[in-house]
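This structure is a prediction, so every number in the text was calculated from the model and none was measured.
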Amino acid sequence: TGKVYFTVTTRSSSVTHIGWVSASGFIPAASIKNGLGGDAESFAIDGSSTPGRKRHRGPMEYGEWKWRVKDEIGCLLDMDAKAMTFYRKGETLGEAFAEASCPEGPKWDRGLQPAFYLTENAHIDVKFG
């Protein structure tokens with residue numbers, strides 16, 4: 001139970017996926033298509049293209065935004081509400097995922113952990129706590 005929040009500051013405009021993976025079932029893949037958020041065991045956002053995308057079992061539109069170098073991306077996991085919300089420069093991008101709307105996904109009470117997918121030349125800074 002409770003909430004977990006971390007931030008990522010983008011240091012490049014390369015493809016970067018930011019999100020959460022199940023503690024028990026995620027297996028990383030080599031391609032963007034099947035990378036973070038490309039399967040049922042992971043959730044991510046990708047702001048390297050417009051419109052921004054959220055990813056779970058593949059990409060879906062998630063607002064008209066694109067991150068820039070030095071943008072701060074906030075990642076909130078609310079285990080009480082079983083919901084994920086992302087922020088850009090302190091402004092909410094809206095709820096991205098909820099356990100109830102992802103029945104084919106992992107059971108959240110088994111654990112989710114922060115995860116990142118970076119392509120070549122991508123750089124980020126991460127702050128926990």
Minimal non-hydrogen separation, [X] against [Y], with atom names:
X	Y	value
R88	K66	NH2-O, 3.2 Å
I18	C75	CG2-SG, 3.4 Å
S22	Q113	O-NE2, 4.3 Å
E95	T85	CA-OG1, 3.8 Å
K54	A96	NZ-O, 2.9 Å
A122	V15	CB-O, 3.9 Å

Kindly compute the distance separating [atom1] ([X]) from [atom2] ([Y]), expressed to the nearest 0.5 Å.
X	Y	atom1	atom2	value
F97	W108	CZ	CH2	8.5 Å
E64	L93	CD	CG	12.0 Å
E120	S14	CD	OG	8.5 Å
E72	T7	CD	OG1	4.5 Å
K127	Y5	NZ	OH	10.5 Å
C102	K82	SG	NZ	13.0 Å

Would you sort out whether M84 and L112 count as a side-chain contact (heavy atoms from CB on, under 4.5 Å), showing the intermediate values? CA-CA 11 Å; M84 291 177 199; L112 294 169; 3.8 Å; yes

Does the side chain of [Y] come within less than 4.5 Å of [X]'s, by heavy atoms?
X	Y	answer
S48	W67	yes
I45	W65	yes
F116	I124	yes

Derivation and outcome, side-chain contact (heavy atoms from CB on, under 4.5 Å), residues L76 and K3: CA-CA 7 Å; L76 174 66; K3 298 178 182 177; 4.1 Å; yes

Same apolar cluster (I L V M F W Y, side chains within < 4.5 Å links), [X]/[Y]:
X	Y	value
V21	M60	no
V126	I73	yes
Y87	L77	no

Quick one: do R11 and D125 make a salt bridge, cutoff under 4.0 Å?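 Answer for the salt bridge query: yes.
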
Any ion pair linking R53 and D46 (charged N to carboxylate O, less than 4.0 Å)?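 Answer for the salt bridge query: no.
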
Test item: [X] side-chain N/O and [Y] main-chain N/O as donor-acceptor pair under 3.5 Å:
X	Y	value
H56	S42	yes
Y62	G94	yes
T10	S12	no

Any chance the rings of F43 and F86 have centres within less than 6.0 Å?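 So the answer is no for these two rings.
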
